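Quick caveat, the model's predicted, so the values are computed rather than measured. Below, read A as the first sequence line, B as the second, and so on, with proteins coming before strands; counting in each chain starts at 1.
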Number of protein chains: 2
Amino acid sequence: MSLMNNDPPVLGDVIAVLERTPATLAALLDGLPEVWATATEGAGTWSPLDVVGHLIHGERSDWIPRARHILAGDPRPLAAFDREAQFKESSGQTMSARLATFERQRRENLATLKAFGLTSEDLSRRGLHPELGEVTLGQLLATWVVHDLDHVGQVARTMAKVYGTTVGPWSAYLSILSDRPRP
Amino acid sequence: MSLMNNDPPVLGDVIAVLERTPATLAALLDGLPEVWATATEGAGTWSPLDVVGHLIHGERSDWIPRARHILAGDPRPLAAFDREAQFKESSGQTMSARLATFERQRRENLATLKAFGLTSEDLSRRGLHPELGEVTLGQLLATWVVHDLDHVGQVARTMAKVYGTTVGPWSAYLSILSDRPRP
């Protein structure tokens, strides 16, 4: 099997990752001292607290609404996604509250996804992305997975950088410390 | 508070991350389909399964033995760490078995760390790294934390790349897909 392929994803593989993300983030973040939870990589970058708010917004506004749009055969472009919505919507909510909301929404959305009873033909159905042009439902579901993993990686990277200088000379071996910030 | 500082880490902040890593990796990886668990970023890079084996080797051979060495005031260089040991030591062990071993070893090592009853003076105690020269116990403990987070990030990145092309045009938005492999 090559890593390069244009086949749609296997639905069971998609769900296996999506259903693990809330527990992964809860294990990593719930009850953590503030020094970790509110750290950023600098001005304009997100803390772990911000990231969980962003994931909540995605559950509300992005993945399932877009899947419905494509399944309905709606020829209009998919609604644009607000990448900064968490700064209003989740403002003032604690990490524990955000993690619980994310867990519940993800569980409900996966129940909805399973209830679609998608066939492999459905995964090839097409929609119009407002910026990227033609996309498929399979690509949307694969993107949901990679988006989760991207933000898990971002949380780990952001936390690591709290100790960017505290590690002393070991920074030479810890490549995560020199990885990009995320705008 | 600046991110740049040379103060030793706060022991409670160190333990808060270290005690969460086994559950984080178990939530992310236990029971995952093979397509995720054994994926790599290409020749010479590690799968999530390899990473957990590497973390087990670190629990056995790196962090606590090095802390004892420094606390004993041993003037000899710290023992070198074998970054490839997992390919022999954990060979043939399932993901679930590795996760359980890692959880148990980490729990025991944190009990040992707490039993040291470290003072902030202890955190400034010095040892000799075989390649990096003079290091402190505080830097060693901060490195243990960042090393965990580096590998959590690596697992997320490696899994994401399984869908490197499956996401179609969305790859333009998913920066994790173009992040470095880890040699």
If you take all heavy atoms of [X] and [Y], which pair is closest and at what distance?
X	Y	result
Pro75(B)	Leu128(B)	O-CD2, 4.2 Å
Ala79(A)	Arg66(A)	O-NH2, 2.9 Å
Arg125(A)	Leu71(A)	NH2-O, 2.8 Å
Ser61(A)	Phe81(A)	CB-CE1, 4.4 Å
Pro169(A)	Gln139(B)	CD-OE1, 3.5 Å

Under the 3.5 angstrom rule, does the side chain of [X] hit a backbone N or O of [Y] as a donor-acceptor pair?
X	Y	result
Arg98(A)	Leu49(A)	yes
Thr45(A)	Gly42(A)	yes
Ser90(B)	Gln93(B)	no

Name the option with the most non-hydrogen atom pairs under 4.5 Å to chain A; the candidates are Thr21(B), Val135(B), Val152(B), Leu29(B).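 When all of Thr21(B), Val135(B), Val152(B), Leu29(B) are compared, Val135(B) has the most.
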
Flag the one option from Ala26(B), Gly133(B), Gly31(B) with the top tally of heavy-atom pairs under 4.5 Å to chain A.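 Heavy-atom pairs under 4.5 Å are most numerous for Gly31(B).
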
Using heavy atoms and a sub-4.5 Å threshold, report which of residues 9-18 of chain B line up against chain A, by residue number.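 Interface residues of residues 9-18 of chain B: Pro9(B), Val10(B), Asp13(B), Val14(B), Ala16(B), Val17(B).
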
If the contact rule is any heavy atom under 4.5 Å from chain A, which residues of residues 102-122 of chain B qualify, in numerical order?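 Counting heavy atoms that sit under 4.5 Å from chain A, no residue of residues 102-122 of chain B is involved.
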
List the steps, then state whether side chain to side chain contact (heavy atoms under 4.5 Å, CB included) holds for Thr40(A) with Trp46(A). CA-CA 5 Å; Thr40(A) 69; Trp46(A) 296 354; over 6 Å; no

Engaged part of Thr136(B) at the chain A interface, taking heavy atoms whose separation is under 4.5 Å: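 For Thr136(B), the contact with chain A is made by the backbone alone.
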
Quick check on Asp30(B) against chain A: is it the side chain, the backbone, both or neither that has a heavy atom closer than 4.5 Å?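 Contact with chain A is through the backbone of Asp30(B) alone.
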
side-chain contact (heavy atoms from CB on, under 4.5 Å) with Ile56(A): which of Val51(A), Thr101(A), Leu99(A)?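 That would be Thr101(A); it is the only one of Val51(A), Thr101(A), Leu99(A) passing the side-chain contact (heavy atoms from CB on, under 4.5 Å) with Ile56(A).
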
Quick one: does Ile70(A)'s side chain get under 4.5 Å of Arg126(A)'s, heavy atoms only?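 No, side chains not in contact.
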
Looking at side-chain heavy atoms only, is the closest gap between Thr158(B) and Ser47(B) below 4.5 Å?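 No; the side chains remain at least 4.5 Å from each other.
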
Do you know which of Gly138(A), Gly153(A), Pro22(A), Ala160(A) has the most heavy-atom pairs with chain B at a distance under 4.5 angstrom?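 Among Gly138(A), Gly153(A), Pro22(A), Ala160(A), the one with the most close pairs to chain B is Ala160(A).
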
Contact winner vs chain B - Ala27(A), Ser171(A), Gly168(A), heavy-atom pairs under 4.5 Å: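 With the most close heavy-atom pairs to chain B, the winner is Ala27(A).
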
Tell me whether the rings of His54(A) and His147(A) are parallel (<30°), tilted (30 to 60°) or perpendicular (>60°).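 Plane angle between 30° and 60°, so tilted.
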
Relative to chain B, which segment of [X] carries a heavy atom at a distance below 4.5 Å: side chain, backbone, both, or neither?
X	answer
Trp36(A)	side chain
Leu25(A)	neither
Glu19(A)	neither

Answer yes if the side chains of Glu59(A) and Trp144(A) hold a donor-acceptor pair under 3.5 Å, and no otherwise.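 Checked: Glu59(A)/Trp144(A) side chains pair up, N/O donor to acceptor below 3.5 Å.
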
